[in-house]
Amino acid sequence: MAQTEPTPPTPAAPVPTPTDFIRAAVAEDTANGRFGGRVVTRFPPEPNGYLHIGHAKAICIDFGVAEEFGGCCNLRFDDTNPVKEETEYVDGIQADIRWLGFEWHGPARYASDYFEQLYQYALQLIRQGQAYVDDLSADEIRAYRGTLTEPGRESPHRGRSVEENLDLFARMRAGEFAEGARTLRAKIDMAAGNINLRDPVMYRILHAEHHRTGTAWRIYPMYDFAHGQSDSIEGVTHSLCSLEYEDHRPLYDWFLEALGIFHPRQIEFARLNLTYTVMSKRKLLRLVNDGHVRGWDDPRMPTLGGLRRRGYTPEAIREFIRRVGVSKSDSMAEIELLEACLREDLNRRAPRVMGVLRPLRVVIENYPEGQVEALPAVNNPEDPSAGTRPLPFSRVLYIDQDDFREAPPPKYFRLAPGREVRLRYAYFVKCVGVVKDPATGAVTELRCAYDPATRGGDAPDGRKVKATIHWLSAAHALPAEVRLYDRLFQDPDPEARSDFVANLKPDSLEVIERAWVEPSLAEAAPGARYQFERQGYFCVDPDSGPGRLVFNRTVTLKSDYRPESPSQSLPTNPVSRS
RNA sequence: UGGGGCGUGGUGCAAUUGGCAGCACACCGGACUUUGGAUCCGUGAAUCCUGGUUCGAGUCCAGGCGCCCCAGCCA
């Protein structure tokens, strides 16, 4: 019998209202006194890759359910396959979970902590005549397994005596046999409709070095034999996992039942899918290895590291997961929902600053040469306590090229020849001249006149302007590199394609080498998030250093204005689908 | 008749377990605005199909249809 690890008694916590089928099931178990009212869950990542937004859903469910029911959640690395797993990922995964805002109960655990106990369990099944050593090769096992519609055949070694099985299994452990030479199998039912029950492999021989147990073991348990028993050893009450394990539940239950040990309840939910992105580790790995992105934490990646670098907040991600809900139907959440959660969060907390991405020089002809004045700008209209900061204003400014049209289309309210607009927190200015490059005809400079009476942005005569644009004093602006990200794929469901790589957007990253930001950003620290007024949310990339500012555009602001041609709509805005 | 699961507006989730189909995102329109942001108001839009039970069905029953997962010594 396994000792169930003592877990803190669950206090008479207020039972939360069930909001989904899992919480309803847990609430029912709690009410019925099943598991003595305890609630213990676990998050069981395999340390063979970095966590992504799909894992965030599992994390929020595993940790969230435990927390809501006054229980606890373990972190257990499912490290039963030494050839794929690495310590590097163990650290990254822990950091990501903590960044998301969760803390596991006690130390991080490992399935490999239980290898000896698992071995003893295997011995028990052999003695009970419910497991046997098979000499069939991998190919033979596959052939004997049958197909989805035809039953399998029993292995010729299925009838070995307990003694022989015990001997052979001990020798497997001792390393007497070559990799793949033998396996330990559960004796269940080769005719079962559920293929998982056709004498599943429990142990395979692997002469590989394990990231934690080194070369102590030559045999390693398969997922099915390790997971449920690990849950049992840890006293997990509710083992929440994704839908593809539904077919494994009969096997999960079978092992626990045969062993006669503490029997947790496995409940499955649909994993998260997101439009315009891929979620499988294999595909993400390929994006990294083939150089389609700059690494696991490329801001275009749906990895938690990528989202973090992009400027996402853990709060936004958790809110997104909450809104997506939990169910058993395969579904694909829209990236727009994630972005909505992000904007909601950032709108509340991100300080506003001025940033000019594509500068257009503006000379205020009637503003005194050499004069500089500091105009107060509101740091966050959503948060009065954030105060104001001084913004330097002078004769030569930068505005964004987008904010001027020599021939403005209808509904375009910004600057144009003869038109007056407000420079935010500064003055009304009117465009009185346009300077062009004689060779190309490109607009290189605007000549404007300001109205001194409108200082701060209000006209005493009550005159109105239809647009307010952002600006920077050219002499005071700081240069910055700005990286604009678009979604990685053109198709909302790139995983549906046979070759998802063919669906990559060719220009998902645009680097603006020389953009300008306001001087208050001189000391901006990596990770800091800002709203560049009228443009979007940006964060300081870790590539920044002393004297070098690099910003990532996290997400654009929503805008009612749609340029003339639909193809010019803001890049991160949704492609409309019918 | 291989096994398992799932079908509610464009998307994701609800519906007191048989009682007026609701919320969010998206979309569209309007108000307001010193961010074409935010905020506020509003429109449109759904129960896979066919039968049955019932005063009443998204919910119960029967039969269809569609989609997803499973044939690793991966997890």
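Predicted model only: the values in this text are computed from it and were never measured.
For B:G72, the OP1/OP2 oxygens have a side-chain nitrogen or oxygen of A:Arg145 closer than 4.0 Å. Regarding contacts with the backbone of B:A75, a side-chain N or O of A:Thr80 is found under 4.0 angstrom from either OP1 or OP2. Using a 4.0 Å cut-off, some side-chain N or O of A:Lys558 falls inside it from OP1 or OP2 of B:A26. Residue A:Ser327 places at least one side-chain N or O under 4.0 Å from the OP1 or OP2 atom of B:C13. OP1 or OP2 of B:C13 sits under 4.0 Å from a side-chain N or O of A:Ser331. Between A:Arg322 and the phosphate of B:A14, there is no side-chain N or O to OP1/OP2 separation shorter than 4.0 Å. For the pair A:Arg204 and B:C74, the criterion of a side-chain N or O lying under 4.0 Å from OP1 or OP2 is met.
A salt bridge links A:Arg534 to A:Asp403: one of the charged nitrogens lies within less than 4.0 Å of a carboxylate oxygen. Of the charged side-chain nitrogens involved, at least one lies within less than 4.0 Å of a carboxylate oxygen, so that A:Glu244 and A:Arg271 count as a salt-bridged pair. Between A:Arg553 and A:Asp486, none of the side-chain N atoms (NZ, or NE/NH1/NH2) sits under 4.0 Å from a carboxylate O, so this pair counts as no salt bridge.
Distance check on atom P: B:G44 versus B:G51 gives 29 Å, rounded to whole Å. B:C13 and B:U54 are spaced 35 Å apart, taking the P atom of each and rounding to whole Å. Rounded to whole Å, the C1' atom of B:C6 lies 15 Å from the corresponding atom of B:G12. Between B:G58 and B:G2, the two C1' atoms lie 31 Å apart (nearest whole Å). Using P as the reference atom, B:G19 and B:C60 are 11 Å apart when rounded to the nearest Å.
Counting distance only, with no hydrogens placed and no angle test, the side-chain atoms of A:Arg414 and the base atoms of B:G36 include a donor-acceptor pair under 3.5 Å. Looking at A:Glu336, its side chain has no donor and acceptor atom pair within 3.5 Å of the base of B:U11. Side chain A:Glu334 to base B:G10: a donor-acceptor pair is found below 3.5 Å. A donor N or O paired with an acceptor N or O is found under 3.5 Å between the base of B:G3 and the side-chain atoms of A:Asp247. The base of B:G37 lies close enough to the side chain of A:Glu382 for a donor and an acceptor atom to sit less than 3.5 Å apart.
For B:U17, the glycosidic angle deviates from 0 by 90° or less, giving a syn base. Glycosidic torsion of B:G5 falls outside 90° of 0, placing the base in anti.
Judged by Watson-Crick or G-U wobble contacts below 3.5 Å, the nucleotide B:C6 has B:G66 as its partner. Within the shown strands, B:C13 is the pairing partner of B:G22 under the Watson-Crick or G-U definition, both distances less than 3.5 Å. Base-pair partner of B:U35: not found among the strands shown (Watson-Crick or G-U wobble, both distances under 3.5 Å). For B:A46, there is no paired base (Watson-Crick or G-U wobble, both distances below 3.5 Å).
Taking only side-chain atoms of A:Leu148, from C-beta outward, the nucleotide of B:A71, B:U35, B:A75 with the closest atom is B:A71. When the nucleotides B:A71, B:G5, B:G37 are ranked by their closest atom to the side chain of A:Asp330, B:G5 comes out on top.
Take the nearest nucleotide of RNA chain B for A:Arg455 and for A:Arg323: the residue whose nucleotide is more 5' is A:Arg323.
Ring planes of A:Tyr220 and A:His210: parallel class, angle under 30° (limits at 30 and 60°). Using cut-offs of 30° and 60° on the angle between ring planes, the pair A:Tyr450 and A:Phe393 is tilted. Using a 30° and 60° split on the angle between ring planes, A:Tyr530 and A:Phe551 fall in the perpendicular class, above 60°.
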